[in-house]
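First comes the structure, then the notes that go with it.
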Amino acid sequence: SILISAQDDFYDNLQLGDKQKIDFYSACQNIIEGKRDKTPSKNKQFTELINLWKEIINEVNSTSSHLYVYWRKKAMELNKAMIIENNILRKKDITFNDYMEISVDSIGIKFLWSTYLTQKNISNTSLKKIDQTLSVGARVVRLSNDVASYRRKKNKVNAVSILKNKNSP
């Protein structure tokens, strides 16, 4: 959860330009795919996040292959959703379905569970069943988070504000 929070802070950092965020996304994708990160460190936050990703990968690398493949898929979905979310939240005209499609992955719960599952002896069949439940759970977590944000009067695009604006005259 530290990684998810720190990465969210990175993308929310208005002092960082889009190029740095795209470079970070690319560096993460390379690391997740097992490639060398060739991106020079841009700043301390960038470097610390890349190192955190490397630590997590070292931990999950020794799991069975089907669990590692599952984890890698969830890691890539998280990383992709976060960079996309950074751009779509600037739009005021996003639909609820488009928002949910991205934000369910960017909340990070499926990634967290996939990381946990790498330490368990779970069959591929069970993993497929668990994945369906995780998807539903991720929607619940996203909606709960958005309701809480709305109640705290955070001025950001979320599920509640999208539905409210849609129903406003």
Side-chain angles (χ1 to χ4, degrees), residues 1-61 71-116 118 134 137-166 168:
S1 68
I2 292 170
L3 170 73
I4 294 167
S5 179
Q7 190 162 326
D8 189 49
D9 288 347
F10 179 84
Y11 283 121
D12 287 347
N13 186 342
L14 298 175
Q15 295 177 351
L16 297 175
D18 287 342
K19 171 124 176 54
Q20 277 189 291
K21 293 174 183 179
I22 291 168
D23 287 348
F24 175 76
Y25 166 79
S26 297
C28 284
Q29 288 298 97
N30 285 337
I31 292 167
I32 293 166
E33 292 172 0
K35 300 175 185 172
R36 282 194 169 271
D37 169 36
K38 300 172 188 155
T39 309
S41 61
K42 303 293 181 184
N43 64 30
K44 184 178 178 183
Q45 189 179 20
F46 186 108
T47 303
E48 288 175 353
L49 278 168
I50 293 297
N51 289 336
L52 191 51
W53 270 104
K54 288 177 181 178
E55 284 180 42
I56 293 169
I57 289 169
N58 285 337
E59 288 292 319
V60 301
N61 219 2
W71 175 86
R72 187 175 62 202
K73 180 178 183 247
K74 297 304 173 193
M76 292 174 83
E77 288 171 358
L78 169 69
N79 195 39
K80 182 178 179 182
M82 284 189 147
I83 188 83
I84 292 171
E85 184 184 57
N86 182 60
N87 291 318
I88 66 167
L89 291 182
R90 296 179 199 164
K91 298 178 183 178
K92 298 294 182 192
D93 61 345
I94 187 167
T95 67
F96 177 80
N97 289 337
D98 288 345
Y99 170 79
M100 288 299 290
E101 186 176 327
I102 298 302
S103 66
V104 165
D105 285 331
S106 70
I107 196 77
I109 197 71
K110 292 191 276 186
F111 170 75
L112 284 174
W113 274 102
S114 70
T115 304
Y116 170 78
T118 62
L134 287 178
R139 290 180 70 82
V140 170
V141 169
R142 169 46 72 188
L143 291 170
S144 297
N145 181 77
D146 287 4
V147 167
S149 292
Y150 184 78
R151 285 181 177 159
R152 287 191 309 267
K153 300 190 186 323
K154 286 190 172 182
N155 291 333
K156 62 186 252 185
V157 175
N158 64 39
V160 178
S161 66
I162 291 169
L163 290 175
K164 185 179 178 189
N165 290 337
K166 180 181 176 185
S168 296

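As the structure is a computational prediction, the values presented were derived from the model and not from experiment.
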Going through the checks in order, is the side chain to side chain contact (heavy atoms under 4.5 Å, CB included) test met by Gln7 and Asn79?
-> CA-CA 9 Å; Gln7 190 162 326; Asn79 195 39; 3.0 Å; yes
Closest non-hydrogen atom pair, Ala159 against Leu143 = CB-CD2, 3.7 Å
Atom pair CD (Glu33) and SG (Cys28), whose distance is rounded to the nearest 0.5 Å = 11.0 Å
Any side-chain heavy-atom pair of Ser149 and Asn145 under 4.5 Å = yes
Side-chain touch Met82/Leu78, heavy atoms, less than 4.5 angstrom = yes
When rounded to the nearest 0.5 angstrom, what is the spacing between CD1 in Ile162 and CD1 in Ile94?
-> 5.5 Å
Would you check if Asn61 and Trp71 make a side-chain contact, meaning some heavy-atom pair closer than 4.5 Å?
-> no
Where does the angle between the aromatic ring planes of Trp53 and Phe111 fall among parallel (under 30°), tilted (30 to 60°) and perpendicular (over 60°)?
-> tilted
SB check Glu77 Lys74 (cutoff 4.0 Å) | yes
Pairwise distance CG(Asp8) to CD(Glu85) - rounded to 0.5 angstrom = 6.5 Å
For the residue pair Leu134 and Ile109, establish whether any side-chain heavy-atom pair is separated by less than 4.5 Å.
-> no
First locate atom CG of Asn13, then atom CG of Asn43, and finally report the distance between them rounded to the nearest 0.5 Å.
-> 7.5 Å
Before giving the answer on side chain to side chain contact (heavy atoms under 4.5 Å, CB included), spell out for Ile4 and Ile107 the whole-Å C-alpha distance, their side-chain angles and the decisive distance to 0.1 Å.
-> CA-CA 8 Å; Ile4 294 167; Ile107 196 77; over 6 Å; no
Assess whether side chain to side chain contact (heavy atoms under 4.5 Å, CB included) is satisfied between Val147 and Arg151, documenting all intermediate values.
-> CA-CA 6 Å; Val147 167; Arg151 285 181 177 159; 3.8 Å; yes
Identify the heavy atoms of Lys21 and Leu16 that sit nearest to each other, and give their distance.
-> CE-O, 3.6 Å
Output the distance between atom CE (Met76) and atom CG (Asp105), rounded to the nearest 0.5 Å.
-> 12.5 Å
May I ask you to decide if the ring planes of Phe24 and Phe46 are parallel, tilted or perpendicular, using 30° and 60° as cut-offs?
-> perpendicular
I would like to know whether Tyr99 and Asp146 meet side chain to side chain donor-acceptor pair (under 3.5 Å); could you show each step before the answer?
-> CA-CA 11 Å; Tyr99 170 79; Asp146 287 4; 2.6 Å; yes
CZ of Phe96 to CG of Asn158: how many Å apart, nearest 0.5 Å?
-> 10.0 Å
Check Ala81 against Ser106 and note the closest heavy-atom contact, atom names and distance.
-> CB-N, 3.6 Å
